[in-house]
There are 2 protein chains.
Amino acid sequence: MTGSPHVRRPATLASLAAELGVSRTTVSNAYNRPDQLSAPLRERVLEAARRLGYPGPDPVARSLRTRRAGAVGLLLTEALSYAFRDPGATGFLEGLALACEKAGTGLLLVPVSPEHSEVDAVYQAGVDGFVVYSVSEDDPHFQAVLQRPLPTVVCDQPTGIAGVDRVGVDDRAGMQTLGRHLVELGHRRVGVLCMRLGGQRHDGPADELRQKNSSYSVQRERLAGLRDAFAEAGVAWSDIPVFERFEHTTDAGAAGTAQMLEAHPDITALVCTSDILAVGALGEARERGIRVPEDLSVAGFDGIPEADRLGLTTVRQPFREKGREAGRLLLERGDRNTPEHLTLPTELVPGTTCRELRQSGEFFSGW
Amino acid sequence: MTGSPHVRRPATLASLAAELGVSRTTVSNAYNRPDQLSAPLRERVLEAARRLGYPGPDPVARSLRTRRAGAVGLLLTEALSYAFRDPGATGFLEGLALACEKAGTGLLLVPVSPEHSEVDAVYQAGVDGFVVYSVSEDDPHFQAVLQRPLPTVVCDQPTGIAGVDRVGVDDRAGMQTLGRHLVELGHRRVGVLCMRLGGQRHDGPADELRQKNSSYSVQRERLAGLRDAFAEAGVAWSDIPVFERFEHTTDAGAAGTAQMLEAHPDITALVCTSDILAVGALGEARERGIRVPEDLSVAGFDGIPEADRLGLTTVRQPFREKGREAGRLLLERGDRNTPEHLTLPTELVPGTTCRELRQSGEFFSGW
DNA sequence: ATGAAAGCGCTAACAT
DNA sequence: ATGTTAGCGCTTTCAT
């Protein structure tokens, strides 16, 4: 193997040209336009480069000149490292990476730590465009992205940003379908456990005002879909307790479930607005000796692999495709000016965690 | 929200300076050294910037000037997108991302698709250093990384590259511990299922020559550790069948297991050099009505979360810490010239998939 | 087929 | 506290 100490750039295109007694153009052409010079001359250049340890044109200088960075930036919610623990984000990343590979484009993960609230990193990113994955409407990093004169595509949220492409799913319709499913099974007294609705930490009941004012449209929409479904069955939304959790982890799901069950022990079903939370709910139920689905039905949203393994009733959404489409939208945009909006399909996945209410005629009135 | 059509850079530092009738330095200082100019002047500059839609200094131009890209490049085996499906790689990424966040550095995923074998992407990457995750010794992309005059840290493999930092685990010792564990349980007739040993697709038996010539030191070392352990028990390595799989998936693990069991139905234990393969082995065993561990013991290596859930006997290695350390090595290197080599600890995790051989005195001789 | 000239947009000495 | 001067390393017309 090779093995230089990797110090400082030992040669430049200019020094190489000088050494060889040719012009910079010629050296540049040797790398970028092999057809613009004779084969022997090109070989001479490349040989000299090898000898002098010239690693080829400096990418930054080239980018400045060509106005192409050859990379797209990715802005994620939360800390960057969180993305690798969230199955949804991971799936999205996989799809996006696929698109980047195909285009030979780099993928720059913009460092967003909770501590540093500076948006500096966004302004520092040498990229040709941005993909934004599911951030709050008022996320300062996102606002910084909008300042940069670069094409941008948003996945999921925020929605309705002028001049910006978006790919997502119909969260409201998806959740409505799930809600109807529960209604059909006879459930009328349900609880809802949702993800964070605001930037400030809040764990506990979320009233309707809070729901409505949420800066996360995905959560707003999912709640609205559920409301729609139960309204159809004559159940007022104000009668359905909604609990919120700031963290998106199974632990948070468990804690939220505990809180819900203590406050509302009479619910027959617990709907979680994400599978992660639902997985936590299943754990908490087991912990408490509550049988699912005999004593309590549990449903999620997302369709992550673990949901599948556990037989969780959920709504599946195509994470990988969202990533692929986001990449495609960014990388294959011609000189389109009009923003595109892509809505991918979701699918109700009935599992084994929701049961039909038969005996307890109390809440069942279908006969 | 904002919402400009995001076209071309509308203004530059120079045009802003001209507009304001100040020097470029002053504008530059307004962004980079607020203490170098009066507050009112700075505000005037920033206000004009807002008015003209100047998004702040161009990151590429700044990088060229400062010789800092503010990002580290990451080179992964396989396709970039594969990394997001491999739990080990994901854990590593999480740790690395953590380190990057902390340093406010971007993380550029270098696009490496199987199709494009061009190493172009490596030369195009505007980064301050590279992290290389577990690639083959003769990987052309890796060779390209070595050409770039940048600090580089390798995780796992290849080993022994001059002038390059490395972080990894003692794969040989880890596997030796696992081997001894199996020996103590009485296993003498074992089969081994390992990951790819070369760049060419090969699925099936791997003879000793092939093992020895493998361009993947991690696999070489793990096999050697197993050999050591069984040699201590008087079992010749040549008596232990080693099967190789090119793909690293549970399906490949299942297929390899099938092949192994057909060729060597008499083994009492199957050692896989990765948990992914072992998970596949468990599936295949179930498929065939072979009880684990009653009829067959199965062991893995890595300690991925799923192994934990399944109670797989394995050797756990600290993926996240490897990522963190790799980042630290790259980002916090002073002006050190001597390469550092970090070896993190592994831990034997006895699960429920390996049993002690009692009855079948045939292979047991401990009393 | 090769070269000369003109920047890409910015920062960092070094003045003043 | 602000301005002047020199590039960072490269690509790209446009000549020859």
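Quick note: numbers below take in every heavy atom, side chains included, and nothing from hydrogens, waters or symmetry partners. Throughout, protein chains are lettered first and strands after them, A, B, ... in sequence-line order, and every chain is numbered starting at 1.
Computed from coordinates, the B:Asp58 CG to C:dG7 P distance equals 18 Å when rounded to whole Å. Atom pair A:Arg68:CZ and D:dT12:P shows a separation of 12 Å (rounding to whole Å applied). Straight-line distance from the CG atom of A:Leu13 to the C1' atom of D:dC8: 13 Å, rounded to whole Å. Between the CZ atom of B:Arg65 and the P atom of D:dC10 there is a distance of 15 Å, rounded to whole Å. Protein atom CG of A:Leu16 is 13 Å distant from nucleotide atom C1' of D:dC10, rounded to whole Å. Between A:Arg62 atom CZ and C:dC10 atom P there is a gap of 21 Å when expressed in whole angstrom units. For B:Arg42 and D:dT2, the CZ to P distance is 13 Å, given to the nearest whole Å.
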Sequence neighbours excluded and cut-off under 3.5 Å, please list the side-chain donor-acceptor pairs for residues 43-51 of chain A, or say none.
| unit_1 | atom_1 | unit_2 | atom_2 | d |
| --- | --- | --- | --- | --- |
| A:Glu43 | OE2 | A:Arg50 | NH2 | 3.3 |
| A:Arg44 | NH2 | A:Leu20 | O | 3.4 |

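Note on residues 125-135 of chain B: no pairs pass salt bridge (charged side-chain N to carboxylate O under 4.0 Å, His left out), not counting sequence neighbours. Residue pairs meeting the salt bridge (charged side-chain N to carboxylate O under 4.0 Å, His left out) criterion with at least one partner in residues 21-36 of chain A, sequence neighbours excluded, do not occur; the list is empty.
By the ring pair (Phe, Tyr, Trp, His ring centres under 6.0 Å) test, B:Phe130 pairs with no residue at all, sequence neighbours left out. Partners of A:Tyr31 according to the ring pair (Phe, Tyr, Trp, His ring centres under 6.0 Å) rule, which considers only residues two or more places apart in sequence or in another chain, are A:Tyr54. Residues satisfying the salt bridge (Lys or Arg N to Asp or Glu O under 4.0 Å) test with B:Arg324, not counting sequence neighbours, are B:Glu321. For B:Ser81, the side-chain contact (heavy atoms from CB on, under 4.5 Å) partners two or more places apart in sequence, or in a different chain, are A:Glu94, A:Ala97, A:Leu98, A:Glu101, B:Ala79, B:Arg85.
Ranking D:dT11, D:dG9, C:dT11 by closeness to the A:Leu64 side chain, first place goes to D:dG9.
Annotation: the terminal axes of the helix from C:dA1-D:dT16 to C:dT16-D:dA1 meet at 30°, where each axis is the rotation carrying the C1' atoms of four end pairs onto the next four (5 pairs per end, rounded to 10°).
The shortest distance between the side-chain N/O atoms of A:Arg33 and the OP1/OP2 oxygens of D:dT12 is below 4.0 Å. Between C:dC8 and A:Arg67, no contact under 4.0 Å exists linking OP1 or OP2 to a side-chain N or O. A close approach under 4.0 Å does occur between a side-chain nitrogen or oxygen of B:Tyr54 and OP1 or OP2 of C:dC10.
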Enumerate the protein-to-nucleotides 1-3 of chain C contacts in which both atoms are nitrogen or oxygen and the separation is below 3.5 Å.
| unit_1 | atom_1 | unit_2 | atom_2 | d |
| --- | --- | --- | --- | --- |
| C:dT2 | OP2 | A:Ser38 | N | 3.1 |
| C:dG3 | OP2 | A:Ser23 | N | 2.9 |
| C:dG3 | OP2 | A:Ser23 | OG | 3.3 |
| C:dG3 | OP2 | A:Thr26 | OG1 | 2.6 |

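No hydrogens or angles considered: nothing links the side chains of B:Asn29 and B:Arg42 as a donor-acceptor pair under 3.5 Å.
Using a 4.0 Å cut-off between charged side-chain N and carboxylate O, A:Arg328 and A:Glu325 make a salt bridge.
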